[in-house]
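See structure below.
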Amino acid sequence: MYKVFLVEDEILVRERVRDNIDWGNNGFIFAGEASNGEMALPLIKEIKPDILITDIKMQVMDGLELSRIVKKTMSWIKIIILSGYDEFKYAKEAISINVNEYLLKPVSAADLIKTLSQISTQIDHDKMKGKNYSAIEEKLKKSRQILWERYLSDLATGIIPTNEVVKKADYFGVDIISKYYCSLIILLDSMPIGLDQTAYTEYLKAEAIINEKLKGNRDIIKYNVNIKKAILIFKHDDKEELEMNCNVFAKSIKQEIEKNTSCNSIITMGGIRETVQGIAESIRDAETTMKLNNIFGKNTIVTIKGRYGHIIHKAKTFIYENYFKSDISLNSVAEYVNLSPNHLSMVFSQETGLTFIEYLTKLRIAKAKIMLKSTNMRTSEIAFKVGYNDPHYFSNVFKKAVGCAPTNFRENIQTVLSTD
């Protein structure tokens, strides 16, 4: 049923139109009437009719002026103008306003119903077109979002050539070009156990806090790996300011998340890189730091600080990627980071609070404990897996670090599990 509103200053014409048409049986509702445009306008705004029938000549506000206002403010309303004047200037102006029909008086009920039916068909067509357009627009929006997420995923892995990185970023309206890049990884852990509705809600609240913090900042690009993990890519033309921005943001967002949600957050920072392709390297840095952070049991912000921060981060990454090799040494790490062994040994101890051997041993023992808990491998196999060629020596090192032999450690874990 389509609502029709009538504006006519001649009361006899108004009554004839109102009373001589079987509105309901023809699919229409007579929704209201007025004697001039000024009186009609507030009623039209309230009723919101589908079709407006208006006389062209009226006191105070005529039909053309009313039509002009209606088309401007309520463009969906279809308009039929009734005129007793067969003059080209009126018809021309009606066309310029985008009036749908221009009928000369007197108009029979049959002709008016025919015109109304034609317009109702047009309304149906417009609605269907609008629905189709909205559906297409929604699909395009979703497709664009999928493409954007895929682009960021590819950017994080470093598989896109530089020229394609810039070209695709431009397609999404993002300025990716900068002198320096750095990444942060934010990992959320909600206090409730399991991904129940409460935990899910807390993750969404944390996500909203991060998004609010990023609003309007075109120098940070965010990529959601999943609901608990986000990667942030920072860019800046000044290296020191970029490092400061990353550190300040990490501290601020951690504080806000843990103050306003039940989530804990681990935030790790990658190294600063000078090329677009370096973005993936910086992300790998942050990923490695996240893994080390989990192994060593810290729940904090891990950022690169100090004069030797980037070198130590690079050294830690190398150690993590090569700890299972029996020939890894201070010399091989020093060569990788381009420092002398003595210099690296000194700055490594200053920055980490551990000697190189202590750090390597701690990492190897942490990995061995994971294997003892989760696999059925013999301790001799595990020894080789974590970089020890001599299982007996591994057992001694493990006992010194943990307080019991590897076999006893496994037995204790199994006893606890069977008791539970």
ask   = What do the steps show when you test I97 against L64 for side chain to side chain contact (heavy atoms under 4.5 Å, CB included), and what is the final call?
value = CA-CA 8 Å; I97 296 169; L64 290 173; 3.9 Å; yes

Salt bridge present between D55 and K105 (N-O < 4.0 angstrom) = yes

ask   = Between D154 and K168, is the closest basic N to carboxylate O distance under 4.0 Å?
value = no

inquiry  = For the CD1 atom of I21 and the CD1 atom of I53, what is their distance to the nearest 0.5 Å?
reply    = 6.5 Å

task = Assess the side chains of E101 and T115: does a donor N or O sit below 3.5 Å from an acceptor N or O?
result = no

Donor-acceptor pair between N26 and Y2 side chains, under 3.5 angstrom = no

request  = Can you measure from CD1 (I146) to CZ (R150) and round to the nearest 0.5 angstrom?
outcome  = 7.5 Å

query = Taking atom types as modelled and ignoring hydrogens, do the side chains of D111 and S108 form a donor-acceptor contact shorter than 3.5 angstrom?
reply = yes

message = Rounded at 0.5 Å granularity, tell me how far CZ in F409 sits from NZ in K369.
response = 5.0 Å

key: Under-4.0 Å salt bridge between K179 and E274   = no

ask   = Can you check side chain to side chain contact (heavy atoms under 4.5 Å, CB included) on V386 and L363, steps first, answer last?
value = CA-CA 9 Å; V386 295; L363 176 58; over 6 Å; no

key: salt_bridge(E207, K222) N-O dist < 4.0 Å   = yes

query = Looking just at side-chain N and O atoms, do S83 and K57 make a donor-acceptor pair shorter than 3.5 Å?
reply = no

request  = Evaluate the salt bridge (charged side-chain N to carboxylate O under 4.0 Å, His left out) criterion for residues R14 and D9: first the C-alpha distance (whole Å), next the side-chain angles of each, then the deciding distance (0.1 Å), finally the verdict.
outcome  = CA-CA 8 Å; R14 200 162 68 240; D9 61 349; over 6 Å; no

message = Counting only heavy atoms not in K205 (residues, nucleotides, ligands), do more than 12 fall under 6.0 Å from its NZ?
response = yes

query = Relative to each other, are the rings of F348 and Y359 parallel, tilted or perpendicular (30° and 60° limits)?
reply = perpendicular

query = Would you call K71 and I79 a side-chain contact if the rule is heavy atoms closer than 4.5 Å?
reply = yes

ask   = In terms of the angle between their ring planes, are F30 and W23 parallel, tilted or perpendicular, with boundaries placed at 30° and 60°?
value = tilted

query = Is a side-chain donor-acceptor pair under 3.5 Å present for N226 with K229?
reply = no

remark   = dist S282:OG -> Q277:CD (nearest 0.5 Å) comes out at 13.0 Å

query = Taking atom types as modelled and ignoring hydrogens, do the side chains of E258 and S265 form a donor-acceptor contact shorter than 3.5 angstrom?
reply = yes

Pairwise distance CG(D285) to OG1(T268) - rounded to 0.5 angstrom = 9.5 Å

request  = Evaluate the criterion ring pair (Phe, Tyr, Trp, His ring centres under 6.0 Å) for residue pair F234 and Y181; output intermediate values, then yes/no.
outcome  = CA-CA 6 Å; F234 289 69; Y181 303 91; over 10 Å; no

query = In terms of side-chain geometry, is the basic nitrogen of E164 or K167 positioned less than 4.0 Å from the acidic oxygen of its partner?
reply = yes

ask   = Using 4.0 Å as the upper bound for N to carboxylate O, is an ion pair formed by D50 and K3?
value = no

request  = Kindly compute the distance separating CD (E38) from CE (M58), expressed to the nearest 0.5 Å.
outcome  = 11.0 Å

ask   = Is it true that E287 and R284 have a side-chain N and a carboxylate O under 4.0 angstrom from each other?
value = no

key: Check against salt bridge (charged side-chain N to carboxylate O under 4.0 Å, His left out), D219 and K235   = CA-CA 5 Å; D219 287 332; K235 64 188 186 72; 3.3 Å; yes

query = Picking from I266, N264, I267, what satisfies side chain to side chain contact (heavy atoms under 4.5 Å, CB included) with K254?
reply = I267

ask   = Taking all non-hydrogen atoms of both residues, which atom of I123 and which atom of K78 are closest, and how far apart?
value = CG1-CG, 3.7 Å

task = Could you check R68 against E65 for salt bridge (charged side-chain N to carboxylate O under 4.0 Å, His left out), going step by step and ending with a plain yes or no?
result = CA-CA 5 Å; R68 193 176 287 108; E65 182 61 25; 2.8 Å; yes

task = For L155 and I279, run side chain to side chain contact (heavy atoms under 4.5 Å, CB included): C-alpha distance rounded to whole Å, both residues' side-chain angles, the deciding distance at 0.1 Å, then the answer.
result = CA-CA 7 Å; L155 183 65; I279 292 172; 4.3 Å; yes

request  = Keeping the roles fixed (side chain from S332, backbone from I328), state whether a donor-acceptor pair exists under 3.5 Å.
outcome  = no

query = Distance under 6.0 Å and angle within 45° of the ring axis: does R273 meet both against Y180?
reply = no

